[in-house]
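Please read the structure below before turning to the comments.
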Amino acid sequence: MARLSPILALLLFASPKWECQVSGLFIDDFDGSKKLHHWSFSNGAEFPGASGTLSLGLGHEGRGAVLAYRFTCLDLTHCGHYVAAIWKAPSELDLNPGAALCLWVRLSPDVRLTVRIRDQNGQTLQFHANAPTLEHVAAGEWQPIVVPITGKTAEHWGGSNSGQIQGRIVEIAILADSRYPQPAQGQMAFDDVRLSRTTDASFRLERAAAVKAPEGTGGLQPRLGVNIHFLRDDRGLDLARNAGFSFVRMDLLWAKLEKQGQYDFAPFDGLMRSLEARGMGVLWLLAYGHPDHGGESPQSEEDVAAYSRYAAAVVGHFRGHNAHFEIWNEPNGKHFLANPAIYPHLLRAALDAIRRQDPGARVSTGGTAGFDFTFLTSMLESGSAQKASAIAVHPYRDSGPETLPADLLLLRSLIQRAGWPNLPIWDTEWGYSSDGNSSKDFPGGGHGDVARKRQAVLAVRQCLTVWVLGLPLAVLYDLRDDGSNPFNREDNFGLLNQDNSDKPAMKAVRVLTSVTRDHSYSGLIRDVPYGVHAIRLDGAEDIVFIVWNDEIEIRPQIRFLRNELLSVSNAFGEPIIAERDAVILEETMGPIYARLKRH
């Protein structure tokens, strides 16, 4: 039986007071003067092309500060980077361990909130806030932000150059930081700026907690798929189905399908039959090159025409089956497409051929490696995606899954600017390797217990993130490990070992889907401490809250009402003892499941 100490505190106030508003050192709420005392404006002159202003305007409550920006570009890679509001402390400020900068912010999709601190030794340290959060994804919405500043950061320069604040603070800068090199114009507003003396928080979880209406309809499992690398493996497919995946993503290799102008679907039909026997579907990846048509990737008009015929043949063959289609894999990099500049032409030609074959086919653009906004902007502006059912991305990142909202918000704004406001976004590949960025610090690399538990935590948080954000299709990469080297990142993305035995990630995903299978999603709780997320699931006999924390330096206490609580379990389904009806929710724990009485 798992046991946490000293406290497991799940405590959600009906209308919680934001913790930074009731404690800490007040800096400015912009209500007491007609001037911005102690504040100045910077245009980030080290990156030519930025201009703007700092002025008073509407705040979260009363007045606030408005940081207007305009970014222009000399060429594709040299653009204005940021503008900043700089506060010079009237006297140097002492900080306690665990201190954080707290403020309310309203962002436009083009920029991110960055904070710079200058200490008395002349060192500048830079921190990035996670904004917008899962709870505040509407464009232009005010949201509370907590930026821990006493930990070590990798972005620092000048002075002692240690990466950690040395001595007192002399200056704080709040930046509207461009998210990618592109001309942009807009505003970032901020208000109620404070330095908190602690980053801990408490909240209470109650049956009556208010929830935000779901962003997307339906449950988790219909949108959840997993990547595979085989055409025949009944045991593997059974494990995928039993884990709650409703479909798989699989390469439908052009070179394997077409021989001397003829198409042999037999191997792929076998997988389709196996999936349909299990009530599952497929996302066919239409890739890669063909030896008769350009080699590793299409090069000429004739190659593009041949690819289009192949794509249309696949879509026509699987018409009437539970099949989706993706046009190429990660076309924004030369690893999979020798000339990424050809992709808009390839995409347009393939979509034209597919729509002639099946106007109702569910087909996406090729998922980009990460959010390559320069590539995506060019593709969207070309009009080549006009006949697509969705824009696909592969949202890989070094940070936690909960940093996804900012990228989605910007991509949605780009899609809207292109004239297709209702075109959905599909996540067609995304995962976390157990040999991630920090696994080499763990014994055994990607095969070590600590590293694999970390992968499990991130995998479940990834599932919850795409669900809360309402993505209609999301693929975990991948079902099982591709190799045996514990220190090879690509070998360790699997939820299963190579012999189909469970890794902790599969156990955690299975727990999540088993809970969601018998409960309906009611919504996301908005009023939670920064870094904490909680969703409510309603069952016939109980209410389940799934709660997790994405901030390493913030340790919220969560308390329960004893007369409502039935049980608490961890990400692996193991019981947790809530001593004194409370828990400290560590980021490393991953989601916990709290069952409350329905009445």
Side-chain angles (χ1 to χ4, degrees), residues 225-234 236-237 240 245-278 280-298 303-331 335-337 343 346-347 349-358 360-369 387-390 392 394 426-429 473-480 482:
V226 65
N227 211 103
I228 62 173
H229 296 293
F230 56 79
L231 288 171
R232 296 186 63 183
D233 184 348
D234 287 343
L237 293 180
F245 294 105
S246 64
F247 67 96
V248 302
R249 176 178 181 255
M250 175 61 191
D251 305 339
L252 203 158
L253 298 175
W254 185 11
K256 189 175 181 65
L257 180 71
E258 182 183 345
K259 303 294 183 183
Q260 298 179 337
Q262 300 299 311
Y263 301 116
D264 178 12
F265 284 96
F268 306 102
D269 286 338
L271 177 60
M272 190 79 252
R273 286 192 296 270
S274 295
L275 290 167
E276 290 179 331
R278 292 166 172 82
M280 301 175 72
V282 65
L283 170 61
W284 290 119
L285 173 59
L286 305 183
Y288 294 90
H290 194 287
D292 298 336
H293 306 295
E296 292 185 358
S297 60
D303 298 337
V304 170
Y307 177 83
S308 300
R309 291 193 297 272
Y310 144 74
V314 172
V315 170
H317 183 81
F318 288 105
R319 186 170 186 170
H321 293 270
N322 184 8
H324 296 61
F325 308 91
E326 182 178 1
I327 299 177
W328 210 264
N329 184 55
E330 301 187 352
H335 184 71
F336 293 112
L337 188 61
Y343 185 69
L346 181 75
L347 176 63
L351 284 170
D352 284 345
I354 286 170
R355 293 306 177 203
R356 287 193 294 268
Q357 182 68 243
D358 182 1
R362 296 162 293 183
V363 53
S364 76
T365 61
T368 55
K387 295 181 181 179
S389 307
H394 297 170
W426 290 357
D427 156 23
T428 56
E429 181 187 318
L473 183 148
V475 179
L476 266 71
Y477 188 88
D478 58 358
L479 182 62
R480 65 182 177 215
D482 291 336

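Smallest separation of non-hydrogen atoms from A255 and P291: CB-CD, 4.0 Å. In terms of heavy-atom proximity, S308 sits nearest to A350 at OG-N, 3.4 Å. The two residues L252 and F318 make their nearest non-hydrogen contact at CD1-CE1, 3.8 Å. Nearest approach of V248 to M280, heavy atoms of both residues: CG1-CE, 4.0 Å. The two residues L286 and Y307 come nearest to each other via the heavy atoms O-OH, 2.7 Å.
A donor-acceptor pair is defined here as one N or O able to donate and one able to accept, closer than 3.5 Å; no such pair exists between the side chain of Y263 and the backbone of H317. Here the side chain of Y310 pairs a donor or acceptor atom with the backbone of A287 at under 3.5 angstrom. No donor-acceptor pair closer than 3.5 Å links the side chain of R319 to the backbone N or O of D358. With R362 contributing its side chain and A323 its backbone, the two residues share a donor-acceptor pair below 3.5 Å. Remark: the backbone N or O of A361 is paired with a side-chain donor or acceptor of S389 at under 3.5 angstrom.
To the nearest 0.5 Å, atom CG of residue L347 and atom CD1 of residue I354 are 8.5 Å apart. One finds the NE2 atom of H324 at 14.5 Å from the CG atom of L285 (value rounded to the nearest 0.5 Å). Here S364 contributes atom OG and L473 contributes atom CG; the two are 8.0 Å apart, rounded to the nearest 0.5 Å. Residue N329 holds its CG atom at 12.5 Å from OG of S297, rounded to the nearest 0.5 Å. Expressed to the nearest 0.5 Å, how far CH2 of W328 lies from CG of L337 amounts to 6.0 Å. With values rounded to the nearest 0.5 angstrom, Y343 atom OH is found 5.5 Å from I327 atom CD1.
No more than 12 heavy atoms of other residues, nucleotides or ligands lie within 6.0 Å of CD in E296, so this atom counts as exposed by the packing criterion.
Below 30°, between 30° and 60°, or above 60°: for H293 and W254 the angle between ring planes is below 30°, a parallel geometry.
Residues F265 and V314 form a side-chain contact, since some pair of their non-hydrogen atoms from C-beta on lies under 4.5 Å apart. Using a 4.5 Å heavy-atom threshold, the side chains of W284 and D251 count as separate. In this structure the side chain of I228 never reaches within 4.5 angstrom of the side chain of R249, judged on heavy atoms. Counting only heavy atoms from C-beta outward, the side chains of F230 and L479 approach each other to under 4.5 Å. Here the side chains of L351 and V363 are in contact, with some heavy-atom distance below 4.5 Å.
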field: Test log, rule side chain to side chain contact (heavy atoms under 4.5 Å, CB included), inputs L231 and K256
entry: CA-CA 12 Å; L231 288 171; K256 189 175 181 65; 3.8 Å; yes
query: Stepwise, does the side chain to side chain contact (heavy atoms under 4.5 Å, CB included) test hold for H394 with T368?
result: CA-CA 6 Å; H394 297 170; T368 55; over 6 Å; no
- prompt: Do D303 and H290 pass the side chain to side chain donor-acceptor pair (under 3.5 Å) test, and can you show the C-alpha distance, the side-chain angles, and the key distance before you say yes or no?
  reply: CA-CA 9 Å; D303 298 337; H290 194 287; over 6 Å; no
message: For K259 and D292: C-alpha separation, side-chain torsions, deciding distance, then whether salt bridge (charged side-chain N to carboxylate O under 4.0 Å, His left out) applies.
response: CA-CA 9 Å; K259 303 294 183 183; D292 298 336; over 6 Å; no
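Donor-acceptor pairing under 3.5 Å is lacking for the side chains of R480 and N227. No donor-acceptor contact under 3.5 angstrom links the side chains of H335 and E330, judged on distance only. Inspection of the E326 and T428 side chains reveals an N or O donor paired with an N or O acceptor under 3.5 Å. Between the side chains of D478 and H229, at least one donor N or O sits under 3.5 Å from an acceptor N or O.
With respect to the salt-bridge test (charged N to carboxylate O, under 4.0 angstrom), the residues D352 and K387 qualify.
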